[in-house]
Amino acid sequence: MLLSVLLQAAAGAAIGKLGAAIGAGLAVIGAGLGIGKIGGSAMEAIARQPEASSDIRMNMIIAAALIEGVALLAVVVCLLVFFL
């Protein structure tokens with residue numbers, strides 16, 4: 001009886017760790033795709049309106065930093081679930 005309870009708890013922990021690893025991976029992949037889309041759109045905007053390149057570049061860097069911050073937070077949460 002006790003052995004079956006311990007095995008169920010161990011299996012649940014393994015699934016939780018797998019979910020945390022998948023979540024961290026998805027957060028990083030999503031951030032990479034988002035930053036890539038921002039960079040591509042910024043290059044198109046600079047090509048269309050070169051005189052506004054400094055404003056576009058500044059807004060692109062701010063948006064990329066915000067996306068990286070959210071991705072880092074998601075990875076930290078997934079690592080906390082993984083190790084705790």
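Here the structure is a predicted model, which is why all the values come from computation and not from measurement.
- The line from CD of E44 to CD1 of I56 is 11.0 Å long, rounded to the nearest 0.5 Å.
- Residue R48 holds its CZ atom at 15.5 Å from OG of S53, rounded to the nearest 0.5 Å.
- L80 has its side chain within reach of V76: a pair of non-hydrogen atoms, C-beta onward, lies under 4.5 Å apart.
- Nearest approach of A63 to I38, heavy atoms of both residues: CB-CD1, 3.8 Å.
- A27 approaches A74 most closely through the heavy-atom pair CB-CB, 3.6 Å.
- Between the CD atom of E68 and the CG atom of L73 there is a distance of 13.5 Å, given to the nearest 0.5 Å.
- Taken from OG in S41 to CG in N59, the straight-line distance is 12.5 Å, to the nearest 0.5 Å.
- The shortest heavy-atom contact between A24 and V75 is O-CG2, 4.1 Å.
- To the nearest 0.5 Å, atoms CE (M60) and CD1 (I46) are separated by 6.5 Å.
- Nearest heavy-atom pair across A31 and A71 is CB-CB, 3.4 Å.
- With sequence neighbours excluded, the residues satisfying side chain to side chain contact (heavy atoms under 4.5 Å, CB included) with I29 are L33.
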